[in-house]
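Have a look at the structure below, then the notes.
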Amino acid sequence: MTIQKPAITRSFVRRTWFQFAVAVFLLLCWQLADVFLLAFGAVIVAVLLRSLADPIRDRTPLNDAASLATAALLILGVLAGAGWLFGATVSGQVGELLDRMPRSSDELRDLIRGLPFGGQLADQLGDPGSLASRLEGAAGRLGGYAVSVLGAGANLLLVIFAGAYFAAKPRQGRDAVVMLLPDDVGAPVKEAMNVSGRALRLWLLGTLADMAVVGILTGIGTALIGLPSPVALGLFAGLASFVPIVGPIVSVIPGVLLALQESPQMVLWTLLVYFGVQQVESNLIYPFVQRRAVDLPPALTLFGVLGFGILLGPLGVVFATPLLVVLLVLTRMLYIRNTLGREVSVPGEPKS
């Protein structure tokens, strides 16, 4: 009895090569994750530029290119004006803040000894086999992250220029992706990408407003209690709030380290200021802003920041929230609505 071997059809070979190509593509994406994140940063820059350029184009006789150039000049003008008004104050206070930070674990232990019941905690920190080693290990990892972030600063000009190019030709990249897809798939993908851009714009505008309020309130609060370098502390708190949940926690550290050099009472007042600012931000400002922008569930945001941070490193933490915004839009439009056939609201979708 002869056993016939199954024939290898041409369609089977095509499917095999396609699966192999997909696996290679995913591997390349993993290896080039930092490049994709920088490209995503350029997209955010483009969204910011278009958020200013589009209203200028709609409300003035300027064409699209002139409106985009005007938007870029407005941003540069605001930054230059802020630098001229507050540059000396900010740079001086940032330098003072860095000079007053503890430079070693011994200095940190000396500060903690000044607190009530701080002697026992300082001794615990001094035990090389206990909490100190874990704190120093964590500090080392944070230092490595800081070095990585500073190294990524060398790519800032690349991100800005790429963002300007994306803003000048926003449809070119989108159409290049859609062109690779079949017509029945390309149409919903194109619509989802358009909605993702509008959702990113809403998120960015809401986030910038939230950052400004947090920075101003923190600066005013720390100035009222007499903490040194209130402008620098407010600036750091505002920038840190770009990363939700994690950023506000990190922003407390320099304020507490400064307060430790003043008195235990100053530590308490500092914690109250930061706690009060976060309560105002989370219960009054953030809901009002996000109601008009993109409302992400807090649990999803928390696990998204942790997950992207583990997978992609510091850049993953920075871009976790906008990545979640895009993934939320794509999931709801392409999977829940188009695949499962269920109606669902989508952030950034025009109201009918």
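By the rule that hydrophobic residues join a cluster once side-chain heavy atoms approach within less than 4.5 Å of another member, Leu260 and Ile253 end up as members of one cluster. The hydrophobic clustering, which links ILVMFWY residues whose side-chain heavy atoms are closer than 4.5 Å, places Val189 and Leu327 together. Clustering ILVMFWY residues whenever any of their side-chain heavy atoms sit less than 4.5 angstrom apart, transitively, puts Leu224 in a cluster other than the one holding Val252. Under the 4.5 Å side-chain heavy-atom criterion for ILVMFWY residues, no single connected hydrophobic cluster contains both Val280 and Ile249. Criterion: ILVMFWY side-chain heavy atoms under 4.5 Å apart, direct or through other members. Under it, Leu48 and Phe242 are part of a common hydrophobic cluster.
The main-chain N or O of Gly238 is found under 3.5 Å from a side-chain atom of Ser241 such that the two form a donor-acceptor pair.
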Review point. Should Trp203 and Phe319 be marked as a ring-ring contact (aromatic ring centres under 6.0 Å, His included) after you check the CA-CA gap, both sets of side-chain angles, and the distance that decides it?
Key: CA-CA 12 Å; Trp203 167 83; Phe319 293 128; 9.1 Å; no
Check your understanding: Does the side chain to side chain contact (heavy atoms under 4.5 Å, CB included) test come out yes or no for Arg332 and Arg337, once each step is laid out?
Key -> CA-CA 6 Å; Arg332 290 189 176 185; Arg337 179 179 295 176; over 6 Å; no
Practice item. Report the C-alpha separation of Glu281 and Leu217 in whole Å, then their side-chain angles, then the decisive distance to 0.1 Å, and conclude whether the side chain to side chain contact (heavy atoms under 4.5 Å, CB included) test is met. Key: CA-CA 9 Å; Glu281 188 269 343; Leu217 291 180; over 6 Å; no
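Here CG of Leu52 is found 9.5 Å from CG of Leu68. Values are rounded to the nearest 0.5 Å. Here the CG-OG1 distance, from Leu258 to Thr222, works out to 9.5 Å after rounding to the nearest 0.5 Å. Once rounded to the nearest 0.5 Å, the distance linking CG of Leu315 with CG of Leu38 reads 6.0 Å. Interatomic distance, Phe308 CZ to Leu324 CG, rounded to the nearest 0.5 Å: 5.0 Å. Taking CD of Gln172 as the reference point, atom OH of Tyr165 lies at 3.5 Å (rounded to 0.5 Å). Taking OG1 of Thr218 as the reference point, atom CG of Leu227 lies at 11.0 Å (rounded to 0.5 Å).
Between Leu204 and Ile44, the shortest heavy-atom distance links the atoms CD2-O, 3.8 Å. Closest of all the heavy-atom pairs between Val256 and Thr270 is N-CG2, 4.1 Å. Heavy-atom minimum distance, Ser251 versus Ala237: CB-CA, 3.8 Å. Residue Pro188 comes nearest to Asn338 through the heavy atom pair CB-ND2, 3.2 Å, listed as atom of the first residue, atom of the second, then distance. In terms of heavy atoms, Phe166 sits closest to Ala39 at CE1-O, 4.0 Å. Heavy-atom minimum distance, Gly304 versus Ala320: O-CB, 4.0 Å.
A heavy-atom distance below 4.5 Å is not found between the side chains of Val213 and Val277.
Grouping Ile, Leu, Val, Met, Phe, Trp and Tyr by side-chain contacts under 4.5 Å, direct or through others, leaves Phe275 on its own.
Partner Leu323 forms a side-chain contact (heavy atoms from CB on, under 4.5 Å) with one of Leu37, Leu328, Val305 and no other, that one being Leu37.
For residues 46-55, every residue pair satisfying the salt bridge (charged side-chain N to carboxylate O under 4.0 Å, His left out) rule, not counting sequence neighbours, is listed here: Arg50-Asp54, Arg50-Asp64, Asp54-Arg57, Asp54-Arg201.
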